[in-house]
Amino acid sequence: MSNTLNIRGYFSGGLATSFARLISNLIQLAILVFGARLLGPNEFGIFAIAASAAFIAAMLAGGGCKEFILSSLKSESDVREVLMLSVLLAFIVAFIAALIGALIYLNSGHQNISLLVILFSLWILISPYTTAQSAILIRSGRLKAVAVSEIAGELIGLVIAISMLYSNYGAASLVCGRISAQGAQALICNYMTVSFPSPRLTRPVISEFSNFSILILSTRIVGQGRNALTIFLIGAFFSPAGVGYYRAAQRLAGAAQELLSAPAIAVTWSLFRSIKDRHDDANSSDAKAELQNAMEWIVPLLVGIAAPIYIGVSIMSDEILIILLGEEWSPAAPILSILSIAALAYAPIYPSEPLLGVTRNLKYLPRLMLINSIASICLLLPATQFSLITVAWAQLIFSIVVLLNYILLQERVVGIDWKRISQKCSFLVPIVLAMSLVAMLLREGAVANGWNPIVSLVVTAAVAATLYIASVAVVRGRSLHLMIRALRGV
């Protein structure tokens with residue numbers, strides 16, 4: 001009975017963490033909308049370049065302390081030593097960042113850019129400590145506490161960022177919002193863990209942490225540094241306004257992706273674990289057959305939810321940008337349209353990490369990330385020689401490459417039959433095409449008649465969504481009922 005309760009506790013904690021990520025993404029989207037609208041493409045582009053550099057610096061400053069605390073430590077004293085190491089490493093990286101900010105001002109006189117870099121150095125200083133404190137809570141199974149601290153921090157950051165934006169503090173408002181969010185979360189987590197950095201460091205912990213950091217950072221920079229690299233390349237070949245247009249479109253396209261992927265991954269982890277628990281070995285023939293059956297309804301469900309959202313954003317990109325960000329952001333519409341279709345290609349592979357995890361095949365992910373990163377660079381470098389739209393097309397091609405690589409990995413390593421999954425998804429093709437055609441015709445009519453963008457968006461979305469839902473219900477009504485029943489049983 002206690003084991004059952006423990007499993008339920010972890011599952012509810014996982015849902016709380018997923019919910020916190022959803023709230024966090026919505027808050028960050030709100031900050032993006034207010035920030036981009038009030039700053040304009042040029043200043044927002046400068047902020048995006050500085051934020052991408054700060055992201056890489058914060059990753060280095062963290063040193064993989066969260067993963068190290070979760071996977072490698074046994075005693076409370078070891079945890080406190082790692083907290084001290086994270087503080088020292090963050091201080092070194094933050095000091096270098098602040099020094100770079102000062103040098104920018106001394107050599108160029110760009111006060112605003114220098115201020116952004118110095119403010120980001122404060123965020124770099126706080127971020128690893130916050131991550132380490134949340135890892136201590138996760139280590140003790142207090143997932144709901146992590147969720148509460150994250151939501152509280154993000155709400156405080158939202159209030160600070162928007163207040164400063166309307167007080168005309170410019171891009172510095174967005175950085176101060178991040179600093180406030182991280183600082184609040186660090187204080188809340190530290191209050192709940194009551195764990196503080198140890199002034200005493202031992203050679204074994206330093207050695208083990210150093211070796212672990214090299215491994216985790218090499219994997220993470222390869223896997224997560226691609227977006228930052230894209231921003232740097234655009235900044236090198238285009239104007240700051242070009243970076244602003246691209247980054248705003250990228251964040252808007254990614255917002256829907258993040259909102260869908262977080263609960264999808266949480267549910268598939270739970271579902272696949274339940275399958276694993278029913279069998280002695282997740283790689284047995286019976287378990288693999290059950291995983292195959294699960295994939296045959298999970299993937300069509302994910303694609304069925306994602307397709308109308310991403311295609312709708314692609315068709316209505318002009319209206320969305322005008323409503324959210326204003327007329328001056330309309331040049332980003334073609335970029336948003338292409339990146340939204342690119343986001344659709346990722347929907348079928350949301351279950352990949354849970355699938356590889358329960359079958360003990362996560363070891364293949366770093367190699368796959370390296371291959372994908374090389375492919376990304378090979379596509380991006382030539383694309384930057386032309387236009388931002390060409391860069392967006394390169395991202396679309398890259399998303400298809402990533403999809404194919406994950407499909408190939410699942411087929412070879414886990415034995416998933418993607419031909420059967422594709423057949424299960426095939427019923428969506430005519431429905432999606434019909435919905436897209438109706439949406440495009442409605443939008444063209446709205447534009448020709450001079451409708452207000454809000455009216456055009458609402459009417460087009462309502463009619464297209466009604467057609468789509470009705471068509472899916474007619475064609476696969478019973479299948480949807482079975483899917484919902486399966487989800488309730490997770």
Side-chain angles (χ1 to χ4, degrees), residues 9-10 13-14 16-17 20-21 24 54-55 57-99 118-157 159-160 175-217 220:
Y10 275 101
T17 304
R21 290 307 310 153
S24 175
F55 172 78
M59 194 186 301
L60 294 172
C65 58
K66 177 180 179 178
E67 290 77 7
F68 190 67
I69 289 172
L70 291 174
S71 63
S72 304
L73 300 178
K74 296 179 181 179
S75 68
E76 176 63 25
S77 62
D78 289 347
V79 171
R80 295 179 63 220
E81 285 187 53
V82 173
L83 280 176
M84 176 56 76
L85 288 172
S86 72
V87 169
L88 293 174
L89 188 56
F91 178 80
I92 293 169
V93 177
F95 178 77
I96 294 171
L99 186 61
I118 293 172
L119 286 174
F120 266 123
S121 70
L122 294 176
W123 176 71
I124 293 166
L125 182 63
I126 300 170
S127 180
Y129 189 75
T130 306
T131 304
Q133 288 290 343
S134 66
I136 296 172
L137 289 173
I138 295 171
R139 188 171 182 257
S140 60
R142 299 165 69 183
L143 300 179
K144 291 181 181 178
V146 177
V148 169
S149 67
E150 184 173 352
I151 292 172
E154 291 291 352
L155 288 172
I156 291 171
V159 172
I160 296 295
V175 190
C176 290
R178 291 192 181 192
I179 294 170
S180 303
Q182 288 288 318
Q185 188 179 350
L187 289 173
I188 295 169
C189 288
N190 212 159
Y191 174 78
M192 290 187 282
T193 62
V194 199
S195 185
F196 298 92
S198 170
R200 177 178 172 274
L201 297 175
T202 60
R203 187 181 296 273
V205 173
I206 295 173
S207 176
E208 189 178 355
F209 179 71
S210 301
N211 294 331
F212 185 89
S213 293
I214 293 170
L215 176 64
I216 198 72
L217 285 177
R220 183 172 291 173

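Residues: numbered from 1 along the sequence shown.
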Would you compute the distance between atom CG of Leu155 and atom CD1 of Ile160 and round it to the nearest 0.5 angstrom? 12.0 Å
Is a side-chain N or O of Ser127 found less than 3.5 angstrom from the main chain of Trp123, in a donor-acceptor match? no
Kindly check if the number of other-residue, nucleotide or ligand heavy atoms within 6.0 Å of CZ (Phe95) is above 12? no
Indicate the atoms forming the closest heavy-atom contact of Phe196 with Leu83, along with that distance. C-CD1, 3.9 Å
Nearest 0.5 Å, what's the CD1-CZ distance between Ile124 and Phe55? 11.5 Å
Which atom pair, heavy atoms only, marks the closest approach of Ala184 to Gly153? CB-CA, 4.0 Å
OG-CD distance between Ser86 and Gln133, expressed to the nearest 0.5 angstrom: 8.0 Å
Looking at every non-hydrogen atom in both residues, tell me the closest pair between Ala90 and Leu125 and how far apart they are. CB-O, 3.7 Å
Taking C-beta and beyond as the side chain, do Cys176 and Leu119 meet within less than 4.5 Å on heavy atoms? yes
Please report the closest heavy-atom contact between Ala58 and Pro128, naming both atoms and the distance. O-CG, 4.5 Å
Between atom CZ of Arg80 and atom OG1 of Thr193, what is the distance when rounded to the nearest 0.5 Å? 11.0 Å
Please give me the minimum heavy-atom distance between Tyr129 and Val87, naming the atom from each residue. CD1-CG2, 3.7 Å
In the structure I gave you, are the side-chain heavy atoms of Ser149 and Tyr191 within less than 4.5 Å of one another anywhere? no
Interatomic distance, Cys189 atom SG to Ile136 atom CD1 [nearest 0.5 angstrom]: 9.0 Å
Please round to the nearest 0.5 Å and tell me the distance separating atom CD1 of Ile126 and atom OG1 of Thr131. 11.5 Å
So, using side chain to side chain donor-acceptor pair (under 3.5 Å) as the criterion, who are the partners of Thr130 when residues are at least two apart? Gln182
Closest contact, heavy atoms only, Glu150 versus Gln185: CA-CD, 3.9 Å
